[in-house]
Visitor: 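So that we are looking at the same thing, I have put the structure below in structure tokens.
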Amino acid sequence: EVDPMAYEAQFFGFTPQTCMLRIYLAFQDYLFEVMQVVEGVIVKKLDKMPGCQISPSQVRKCTEEFLLFMRDRFDKLFGKMEEVLLQLVLRIPKNVLLPEDKVHEQYPCSSEEFQALQEEIRQLQLQCRAEAAAQQALRAELEEQKVVKAELEKVLQWFDDLEKIFREQGIGSLQESLAFLTQSSKKLQGVLKEVEQKSG
Amino acid sequence: FDELIVETAKKRKQWPKKILVHAIQTMKAEQE
Amino acid sequence: PQGRAQVFSTVVDAFLKKLLAAGSYQKFASCYRCFYKLQPQLTRSIYDQFLSQLQSSITEEIQEVKSEGNLEGLFNSLDKIVEEAKAREEPAWRPSGIPEQDVRSALVPYLLKHRSYLRQVLREQQEENRKVAESVLAGRDRIVELQQLIRAHKEAWQ
């Protein structure tokens with residue numbers, strides 16, 4: 001069961017295992033390189049020794065023997081170091097939340113809650129639109145009322161003007177003066193008739 | 001596998017912010 | 001308690017010390033016994049060079065790894081983050097592996113802001129509509145009143 005240490009990778013930008021592998025390989029390369037240098041120096045020294053019986057392959061065997069031993073110790077020690085570093089240095093403790101994830105602590109949100117929140121927002125949007133439409137309708141009616149009121153007030157104004165004219169002509173109550181007018185015209189018709197009869 | 005882990009972790013770190021930018025733009029547009 | 005950077009250096013130093021101690025001169029001489037018999041002094045000096053070369057290479061390499069991965073900076077900032085979380089006992093949130101689910105929380109604060117904005121806009125709109133509705137009702141009453149006035153005038157005329 002490999003622990004991918006993805007949360008650590010989120011913080012470090014690399015996996016701790018990669019980091020350790022990087023160090024392991026580098027150290028191992030140095031160990032090999034140094035051993036090669038040691039072997040090269042010894043072979044060179046032996047070359048300069050007259051009558052020396054030791055062949056390079058014998059030196060190589062010595063090198064392999066020492067390297068095998070060192071490799072074994074290296075792996076054991078490195079394993080211990082890796083364990084400590086992965087536990088103490090390259091691990092994010094369970095109770096720790098990375099800054100970019102703070103939002104999960106402040107706003108834990110189940111899918112139901114999230115949907116409810118989205119639904120509530122949708123409802124609010126619908127209500128806002130409805131209110132906006134209502135406002136449009138109300139404003140339209142206000143405009144219409146303006147026109148109608150203007151018309152009706154014009155008519156009223158007309159009546160008032162009419163009555164004003166009568167008042168200017170000294171006519172108090174229109175009804176009486178009409179009645180009087182009717183009477184006078186009836187009388188005048190009577191008189192006219194008489195005149196016509198007499199003249200006939 | 002290692003690259004996959006690093007790639008996934010990077011997305012987890014970066015993408016919420018990117019998504020947020022678009023979500024906020026959407027909300028602002030709706031508000032306007 | 002030591003910071004992570006300190007622990008890291010301490011642990012690597014300990015590893016290096018133990019590794020060099022493991023490769024003792026006795027062991028080295030016994031592996032290269034044929035050469036050791038011919039040239040014991042030379043064997044010693046080669047061994048000493050082996051040790052110092054290995055030590056300096058590994059020490060340089062560690063510096064290289066530290067600067068390459070900006071390890072010290074990362075370790076220090078992780079120390080701070082851990083310090084801040086000290087008060088917390090229970091395990092913290094971790095990615096669920098379902099992106100849609102994890103991104104939700106990132107959206108929530110903005111959705112909440114959006115919701116309160118919409119609530120405020122709705123309140124303002126409702127308030128304004130209430131006023132406009134009042135003027136509409138007043139307008140309707142006025143129109144009825146005007147119509148009644150006109151009707152009264154008309155009836156008077158009639």
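Naming convention: chains lettered A, B, ... in sequence-line order (proteins, then strands); numbering from 1 in each chain. Everything quoted here is computed from the prediction, not taken from an experiment.
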Visitor: Less than 4.5 Å to any heavy atom of chain A: does that hold for the side chain of C:Gln49, its backbone, both, or neither?
Guide: neither

Visitor: If you compare all heavy atoms of C:Arg4 against all heavy atoms of A:Arg91, which two are closest, and at what distance to 0.1 Å?
Guide: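 Smallest interatomic distance, heavy atoms only, reads NH2-O, 3.9 Å.
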
Visitor: Do A:Met70 and C:Leu19 touch side chain to side chain, with heavy atoms closer than 4.5 Å?
Guide: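 Side chain of A:Met70 against side chain of C:Leu19, heavy atoms only: contact under 4.5 Å found.
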
Visitor: With the side chain counted from C-beta on, respond yes when A:Leu97 and C:Ile81 share a heavy-atom pair under 4.5 Å apart, and no when they do not.
Guide: no

Visitor: Using a strict cut-off of less than 4.0 Å between a Lys/Arg side-chain nitrogen and an Asp/Glu carboxylate oxygen, indicate whether A:Arg139 and C:Glu128 qualify as a salt bridge.
Guide: yes

Visitor: How close do A:Cys109 and C:Ser105 get, counting heavy atoms only, and between which atoms?
Guide: N-OG, 4.0 Å

Visitor: Using side chain to side chain contact (heavy atoms under 4.5 Å, CB included) as the criterion, list what pairs up with A:Asp72, not counting sequence neighbours.
Guide: A:Lys76

Visitor: Using non-hydrogen atoms and a 4.5 Å limit, figure out which bit of A:Ile92 sits close to chain C: side chain, backbone, both or neither.
Guide: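 Both backbone and side chain.
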
Visitor: Does any part of the side chain of A:Leu90, heavy atoms only, come nearer than 4.5 Å to the side chain of C:Phe75, both counted from C-beta?
Guide: yes

Visitor: Non-hydrogen atoms of chain C under 4.5 Å away: do they reach the side chain of A:Gln10, the backbone, both or neither?
Guide: side chain

Visitor: Looking at C:Glu61 and A:Arg22, is there a salt bridge between them, counting it only when a charged N and a carboxylate O are closer than 4.0 Å?
Guide: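 Result for this pair is yes, salt bridge flagged.
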
Visitor: Name the region of A:Gln127, side chain, backbone, both or neither, that has any atom closer than 4.5 Å to a heavy atom of chain C.
Guide: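 Both parts, backbone and side chain.
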
Visitor: Below 4.5 Å from any heavy atom of chain A, which atoms of C:Arg140 appear? Answer side chain, backbone, both or neither.
Guide: both

Visitor: Salt bridge (charged side-chain N to carboxylate O under 4.0 Å, His left out), that's the test. Do A:Lys102 and C:Glu84 meet it? Break it down for me.
Guide: CA-CA 12 Å; A:Lys102 275 272 179 289; C:Glu84 281 160 18; 5.0 Å; no

Visitor: Just give me the residue among C:Ala133, C:Ala106, C:Gly139, C:Pro109 that pairs up with chain A most often, heavy atom to heavy atom, under 4.5 Å.
Guide: C:Pro109

Visitor: For the residue pair A:Tyr107 and C:Leu107, establish whether any side-chain heavy-atom pair is separated by less than 4.5 Å.
Guide: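 A side-chain contact is absent here, since even the closest heavy-atom pair is not under 4.5 Å.
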
Visitor: So with a 6.0 Å cut-off around CZ of C:Arg44, is the heavy-atom count from everything else above 12?
Guide: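 Check passes, neighbour count above 12.
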
Visitor: Would you call the rings of A:Tyr7 and C:Trp93 parallel, tilted or perpendicular if under 30° counts as parallel and over 60° as perpendicular?
Guide: perpendicular

Visitor: Is there a donor-acceptor pair closer than 3.5 Å between any side-chain N or O of C:Ser57 and the backbone N or O of A:Tyr30?
Guide: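 Judged by distance alone, no pair lies under 3.5 Å.
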
Visitor: Can you confirm whether C:Gln147 sits close enough to A:Leu152 that some side-chain heavy atom of one is under 4.5 Å from a side-chain heavy atom of the other?
Guide: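 A side-chain contact under 4.5 Å exists here.
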
Visitor: Salt-bridge test for A:Lys94 and C:Glu89: reply yes if a basic N is under 4.0 Å from a carboxylate O, no otherwise.
Guide: no

Visitor: Between C:Glu100 and chain A, which part of the residue has a heavy atom less than 4.5 Å away: side chain, backbone, both or neither?
Guide: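 No part of C:Glu100 comes within 4.5 Å of chain A.
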
Visitor: What part of A:Glu120 gets closer than 4.5 Å to chain C, counting heavy atoms only: side chain, backbone, both or neither?
Guide: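 The side chain, not the backbone.
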
Visitor: Please classify the contact of C:Arg142 with chain A as side chain, backbone, both or neither, using a heavy-atom distance under 4.5 Å.
Guide: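 Side chain only.
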
Visitor: Is there a side-chain contact between C:Leu74 and A:Phe14, using heavy atoms and a 4.5 Å cut-off?
Guide: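 Counting from C-beta outward, C:Leu74 and A:Phe14 do come under 4.5 Å.
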
Visitor: How about A:Asn95 and C:Glu90: do any of their side-chain heavy atoms sit closer than 4.5 Å?
Guide: no

Visitor: Taking the side chain from A:Gln145 and the backbone from C:Ile143, do they hold a donor-acceptor pair closer than 3.5 Å?
Guide: no

Visitor: Could you tell me which portion of C:Leu16 (side chain, backbone, both or neither) has an atom closer than 4.5 angstrom to a non-hydrogen atom of chain A?
Guide: neither

Visitor: Let me know if A:Ala130 has heavy atoms under 4.5 Å from chain C in its side chain, its backbone, both or neither.
Guide: neither

Visitor: Using the six-membered ring wherever Trp is involved, compare the ring planes of A:Phe66 and C:Phe28 and label them parallel, tilted or perpendicular (cut-offs 30° and 60°).
Guide: perpendicular

Visitor: Should we count CD of A:Glu83 as having more than 12 external heavy atoms under 6.0 Å?
Guide: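 No, not enclosed.
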
Visitor: Give the member of C:Leu78, C:Leu149, C:Leu42 that has the highest number of heavy-atom pairs under 4.5 Å with chain A.
Guide: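 Max contact count across the listed options: C:Leu78.
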
Visitor: If you define the side chain from C-beta out and look only at heavy atoms, does anything of C:Val11 sit under 4.5 Å from A:Val89?
Guide: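 The answer is no, as the side chains (C-beta and beyond) never meet within the 4.5 Å cut-off.
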
Visitor: What part of C:Asp79 gets within 4.5 angstrom of chain A, counting heavy atoms only: side chain, backbone, both, or neither?
Guide: neither

Visitor: For the residue pair C:Gln125 and A:Cys128, what are the closest heavy atoms and their distance?
Guide: OE1-O, 3.1 Å

